[in-house]
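These notes concern the structure reproduced below.
Each ligand, and each atom within it, is numbered from 1 in the order the structure gives.
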Amino acid sequence: MKTCLNIEQLRAQIQQWRADGERIAFVPTMGNLHEGHLSLVEIAQQKAARVVVSIYVNPLQFSPDEDFASYPRTLDDDLSKLEAMAVDLVFTPDDSMIYPEGEQQSTYVEVPQLSHIIEGEFRPGFFRGVATVVLKLFNMVQPDVAVFGEKDFQQLLVIRQMVKDLNLPVEIIGGQTKREADGLAKSSRNNYLSAAERESSRILSASLQACRHQIEQGVDVEQAENSCIKNLESHGFVVDYVTLRETSRLQKVSNDEVRAGCALVLLAAAKLGKTRLIDNIIFGSEA
Ligand code: PAF
């Protein structure tokens, strides 16, 4: 496995693979790799001869009150995991390579329709930061295909829309959310949970499943969302949102649309203590 610290080394290797006619798959990450990331690497390996993983904690997607400084950085451990999976190249740029003029002075990418709703309402600037860094990484790696987790469902749609709007020659693939045995979606931020919070955290996915069940049984959507919120609150969560949307533009859906059987995603974000968790369930006709 090669580790590239700079863009010149990365480009030289990519050019060589391209000259040999090899397809390249890419998995961008912020490190602290868990089974969820590794499952994206497995998908990438099925799609192309060469797999590149990037590890970069992107300052542009954190607001000043978020956890950029404390975000877990576990490079040695991450490299061992990727080596064990026989990843071809790991790209570990630093801020001066990605944002030579400083991240606030840099040209940015905005995906207007999807970036200011749901997660974007609670994390202004987040999707701008994600879209900007992903486009920069795409320009550096020039992959044929890139894989992103469905746990960050809105992020996946933002990236798909960016690729479409900017005519990027990259196929975007979503990888299914990996979960702990009790249902908690795997996430680097789960490490922040205390033992008691970790115990309660399973309620998030359980409540979403219960809400989905209610919706499938014909309960009014708003009523089902509200009872899910109440249930989470009764277990100590501070809820940002629980919302049912269609899966293409993340628009709200009426009870009639639900009955007609469109593809649906039930999205949630909630805090347990200081830890903010997100999760979703995709269901309905295309799930
Ligand atoms: O999902 C993530 O880990 C990040 O948002 C990404 C896509 C690597 C961009 O920094």
Side-chain angles (χ1 to χ4, degrees), residues 4 10 25-41 43-44 51-63 66-75 77-79 81-82 87 89-95 97-99 103-104 106-111 114-115 118-120 122-141 143 145-163 166 168 170-178 185-192 267 269 275-280:
C4 285
L10 172 74
F26 179 43
V27 183
T29 79
M30 298 207 299
N32 195 241
L33 304 180
H34 50 67
E35 223 181 279
H37 297 108
L38 303 184
S39 71
L40 305 182
V41 171
I43 295 173
V51 172
V52 178
V53 174
S54 65
I55 298 178
Y56 177 62
V57 184
N58 172 34
L60 195 61
Q61 68 190 76
F62 290 79
S63 65
E66 290 183 339
D67 57 342
F68 176 69
S70 58
Y71 196 85
R73 289 160 172 87
T74 52
L75 185 60
D77 191 44
D78 294 344
L79 292 177
K81 287 178 178 159
L82 296 174
V87 162
L89 189 153
V90 184
F91 181 44
T92 56
D94 64 16
D95 293 342
M97 248 174 274
I98 301 287
Y99 301 112
E103 75 269 12
Q104 298 302 337
S106 180
T107 301
Y108 60 78
V109 184
E110 181 91 39
V111 180
L114 286 162
S115 294
I118 320 172
E119 189 70 359
F122 290 88
R123 300 184 71 189
F126 171 65
F127 289 118
R128 174 191 290 186
V130 169
T132 302
V133 81
V134 169
L135 180 62
K136 285 169 84 72
L137 291 167
F138 280 180
N139 285 335
M140 293 172 195
V141 177
V145 41
V147 192
F148 294 83
E150 284 179 348
K151 180 179 155 273
D152 298 286
F153 189 79
Q154 191 173 353
Q155 168 175 282
L156 176 63
L157 292 198
V158 165
I159 289 160
R160 285 212 164 110
Q161 191 65 44
M162 173 183 79
V163 163
L166 300 181
L168 304 178
V170 188
E171 181 192 354
I172 303 299
I173 295 180
Q176 271 183 8
T177 303
K178 290 284 161 193
K186 297 218 179 212
S187 163
S188 301
R189 290 190 169 101
N190 294 351
N191 297 328
Y192 299 153
L267 300 144
T275 309
R276 188 171 184 275
L277 301 172
I278 63 169
D279 200 353
N280 68 72

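Aromatic ring pairs are classed by plane angle as parallel below 30°, tilted from 30° to 60° and perpendicular above 60°; the pair Tyr71 and Phe62 is perpendicular.
Contacts between Ile159 and ligand 1 below 4.0 angstrom, taking non-hydrogen atoms only, are absent altogether.
Contact of the Arg128 side chain with the Val111 side chain is not registered, since no non-hydrogen atoms from C-beta on lie closer than 4.5 Å.
Using a 4.0 Å cut-off to heavy atoms of Val133, the atoms of ligand 1 that qualify are 9 (C), 10 (O). The Gln61 neighbourhood of ligand 1 comprises atoms 4 (C), 5 (O), 9 (C), 10 (O), with distances under 4.0 Å to a heavy atom of that residue.
Met30 CG, 3.7 Å is the protein heavy atom nearest to atom 3 (O) of ligand 1. For atom 5 (O) of ligand 1, the closest heavy atom belonging to the protein is Gln155 OE1, 2.8 Å.
When each of Val27, Asp78, Asn32 is paired with Ile55, the side-chain contact (heavy atoms from CB on, under 4.5 Å) condition holds for Asp78 and for no other. The side-chain contact (heavy atoms from CB on, under 4.5 Å) test with Val52 is passed by exactly one of Leu137, Val141, Val87: Val141.
Considering CD of Gln61 and CZ of Arg123, their distance stands at 7.0 Å, rounded to 0.5 Å.
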